[in-house]
Amino acid sequence: MARVRVNGVDLYYEERGDGVPILGIHGTPSSAVMWEDAAGELAEHGRCITYDRRGFHRSAPPVSFDRIDLLEHVDDAAALLASLHAGPAVVIGRSTGGVIALGFALHFPDKVKALVLLEPALFAIDPEASIWASELRRRVLITSEEDPSSAAETVVRDALGDETWESFPDELKAMFSGTSPAVLAEMRGHGLDLSEDPLDLGEDELAGIRRPTLIISAEDSPAACRLVNARLAGALPYTETVLVPGGHLINPAHPAVLAFIDRITARPSSWGES
């Protein structure tokens with residue numbers, strides 16, 4: 001079990017393979033547990049680094065954080081790469097992890113070689129998606145008043161569907177439920193998708209993210225996710241888009257992702273960086 005101390009927290013991380021760094025950032029609620037199979041495949045295409053974000057699963061402190069902000073996650077990702085002497089990296093972010101990946105590219109552009117956004121939860125970018133996220137926030141707050149441990153389950157059921165939640169083995173349900181304190185801490189913090197003040201990037205800010213970007217949508221995801229991706233595809237300068245079967249839990253090692261990484265690795269390092 002590898003751990004590194006960054007920004008006052010102990011982050012659990014896993015590292016596989018070598019070559020161009022590939023940083024995987026999981027969603028909310030989740031952990032690097034959900035990336036284990038994908039990480040093995042990604043490691044055949046580069047140096048794959050996955051980790052549990054602050055407050056989540058194996059990076060949870062003995063006493064839960066009262067609040068977690070987007071910029072804390074961004075700074076943690078940067079510090080993790082620095083501590084491992086890795087970068088610039090192909091950054092893969094799923095759902096909330098995609099929001100963190102975008103924030104990372106904004107604040108640390110020199111540490112990013114390319115982006116892979118698996119339905120990033122940047123709901124504030126689209127009016128309809130923003131309403132959907134606000135309703136989800138309201139439902140989570142209502143259910144967690146009676147049972148704080150239900151916060152993660154409520155999010156999973158909304159994003160992935162009741163059938164997906166019921167299909168999870170008991171140990172996986174327990175892992176998700178155990179991240180509920182971190183889910184609520186993010187909601188009390190700033191800049192995350194279910195925060196009261198989520199990240200809202202304007203056209204100029206998005207146009208400034210001058211890195212090759214793969215945006216993936218899933219056919220059976222909530223419509224809000226596809227609305228966000230459509231907005232991003234029109235605003236980010238260097239994008240490719242892919243629609244895949246299934247729901248919001250998009251495989252980080254989907255063949256389209258692996259092919260994108262291979263193309264990026266073969267390009268000159270200055271591509272898209274002017």
> What pairs of residues pass the salt bridge (charged side-chain N to carboxylate O under 4.0 Å, His left out) test when at least one of them lies in residues 186-198, not counting sequence neighbours?
Replying inline: R53-E186, D66-R188
> So, do L236 and L117 sit near enough that their side-chain heavy atoms are less than 4.5 Å apart?
Replying inline: yes
>> Do L23 and L81 make a side-chain contact, defined as non-hydrogen atoms from C-beta onward lying under 4.5 Å apart?
In response: yes
> Would a hydrophobic clustering, with Ile, Leu, Val, Met, Phe, Trp and Tyr connected at side-chain separations under 4.5 Å, put L11 with L71?
Replying inline: no
> Got a sec: does the CD of E163 have more than 12 other heavy atoms crowding it under 6.0 Å?
Replying inline: no
> Taking NZ, NE, NH1 and NH2 as the nitrogens, is one of them in D52 or R58 under 4.0 Å from a carboxylate oxygen of the other?
Replying inline: yes
> Does the side chain to side chain contact (heavy atoms under 4.5 Å, CB included) test come out yes or no for I261 and I22, once each step is laid out?
Replying inline: CA-CA 9 Å; I261 291 172; I22 302 169; 3.9 Å; yes
> Are L258 and V116 connected in the hydrophobic side-chain network, where two residues link if heavy atoms are under 4.5 Å apart?
Replying inline: yes
> In chain order, what residues pass the side-chain contact (heavy atoms from CB on, under 4.5 Å) check against E166, with sequence neighbours excluded?
Replying inline: R157, K173
>> For P148 versus L184, what's the shortest heavy-atom pair and its separation?
In response: O-CD1, 3.9 Å
> Side chain of S59, backbone of Y12: donor and acceptor closer than 3.5 Å?
Replying inline: yes
> Does any donor atom in the side chain of D262 or H45 lie under 3.5 Å from an acceptor atom in the other side chain?
Replying inline: yes
> Is there side-chain contact between E72 and D69, with heavy atoms separated by less than 4.5 Å?
Replying inline: yes
> Between R137 (side chain) and L194 (backbone), is there a donor-acceptor pair under 3.5 Å?
Replying inline: yes
>> If I take atom CG from residue L80 and atom CZ from residue R5, how far apart are they, to the nearest 0.5 angstrom?
In response: 14.0 Å
> Can you find a heavy atom in the side chain of M175 that is under 4.5 Å from one in the side chain of M34?
Replying inline: yes
>> Under the salt bridge (charged side-chain N to carboxylate O under 4.0 Å, His left out) definition, can you give me all pairs with a residue in residues 27-41, not counting sequence neighbours?
In response: none
> Checking side chain to side chain contact (heavy atoms under 4.5 Å, CB included) for the pair R226/S217: CA distance, chi angles, key distance, verdict?
Replying inline: CA-CA 6 Å; R226 292 189 295 277; S217 303; 4.2 Å; yes
>> Contact between E135 and W132 at the side-chain level, heavy atoms closer than 4.5 Å - yes or no?
In response: no
Could you list the donor-acceptor pairs under 3.5 angstrom formed between side-chain atoms of residues 244-253 and any protein atom two or more places apart in sequence or on another chain?
{"residue": "H248", "atom": "ND1", "partner": "E119", "partner atom": "OE1", "Å": "2.5"}
{"residue": "H248", "atom": "NE2", "partner": "S95", "partner atom": "OG", "Å": "2.9"}
{"residue": "N251", "atom": "OD1", "partner": "A253", "partner atom": "N", "Å": "2.9"}

> Minimum heavy-atom separation for L136 to V155, with atom names?
Replying inline: CD1-CA, 4.4 Å
>> Applying a strict under-4.5 Å side-chain criterion to I, L, V, M, F, W and Y, I'd like to know whether L141 and F123 cluster together.
In response: yes
> Is the NZ or CZ atom of R54 positioned over F65's six-membered ring, under 6.0 angstrom from the centre and within 45° of the axis?
Replying inline: yes
> Hey, does the side chain of S195 reach the backbone of L192 with a donor-acceptor pair shorter than 3.5 angstrom?
Replying inline: yes
>> Rounded at 0.5 Å granularity, tell me how far CD in E44 sits from CG in D18.
In response: 11.5 Å
>> Please determine whether side-chain hydrogen bond (donor to acceptor under 3.5 Å, both in side chains) holds for the pair T154 and T143, giving the CA-CA distance in whole Å, both sets of side-chain angles, and the decisive distance to 0.1 Å.
In response: CA-CA 8 Å; T154 302; T143 59; 3.1 Å; yes
>> Can you tell me how far apart OG (S30) and NE2 (H57) are? Round to the nearest 0.5 Å.
In response: 9.5 Å
> Got T213 and E240 here, is their nearest side-chain heavy-atom distance under 4.5 Å?
Replying inline: no
> Any idea which heavy atoms bring L232 and P120 closest together, and the distance?
Replying inline: CD1-CG, 3.5 Å
> Just by modelled atom types, is the P127 backbone N or O under 3.5 Å from a matching donor or acceptor in the S130 side chain?
Replying inline: no
>> Taking ring pair (Phe, Tyr, Trp, His ring centres under 6.0 Å) as the cut-off, I'd like each qualifying pair that reaches into residues 154-174, sequence neighbours left out, listed once.
In response: F168-F176
> So among I209, V90, V91, L106, which one has a side chain to side chain contact (heavy atoms under 4.5 Å, CB included) with V112?
Replying inline: V91
> So, the side chain of E153 versus the backbone of S150: is there a donor-acceptor pair under 3.5 Å, distance only?
Replying inline: no
> Of all residues at least two apart in sequence or in a different chain, which pass the side-chain contact (heavy atoms from CB on, under 4.5 Å) check with D126?
Replying inline: E128, A129, L227, R231
> Do you see a donor-acceptor pair shorter than 3.5 Å between the side chains of R211 and Y238?
Replying inline: no
>> Assess the residue pair T28 and F56 against the criterion (side chain to side chain contact (heavy atoms under 4.5 Å, CB included)); give the C-alpha distance rounded to whole Å, side-chain angles, the decisive distance to 0.1 Å, and a yes or no.
In response: CA-CA 9 Å; T28 297; F56 287 84; 3.7 Å; yes
> Is any side-chain heavy atom of E14 less than 4.5 Å from a side-chain heavy atom of I49?
Replying inline: no
> Closest approach of R47 and L84, non-hydrogen atoms and distance?
Replying inline: NH2-O, 2.8 Å
> Considering only heavy atoms from C-beta outward, does the side chain of H190 approach that of L70 to under 4.5 Å?
Replying inline: no
> Between CG of L243 and CD1 of I216, what distance do you get to the nearest 0.5 Å?
Replying inline: 10.0 Å
> Yes or no on side chain to side chain contact (heavy atoms under 4.5 Å, CB included) for L199 and L122, after CA distance, side-chain angles and deciding distance?
Replying inline: CA-CA 7 Å; L199 179 66; L122 193 71; 3.7 Å; yes
>> To check you understand the geometry: which heavy-atom pair defines the closest contact between S180 and A152, and what is its length?
In response: OG-N, 3.0 Å
> How about D76 and N7: does a side-chain donor come under 3.5 Å of a side-chain acceptor?
Replying inline: yes
> About how many Å separate CD1 of I25 and CZ of F104, when rounded to the nearest 0.5 Å?
Replying inline: 7.0 Å
> Which atom pair, heavy atoms only, marks the closest approach of A233 to T239?
Replying inline: O-OG1, 3.5 Å
>> How long is the straight-line distance from CG of L42 back to OG1 of T50, given to the nearest 0.5 Å?
In response: 9.0 Å
>> Out of the candidates I215, L214, L102, I92, only one should pair with L115 under the side chain to side chain contact (heavy atoms under 4.5 Å, CB included) rule; please name it.
In response: L102
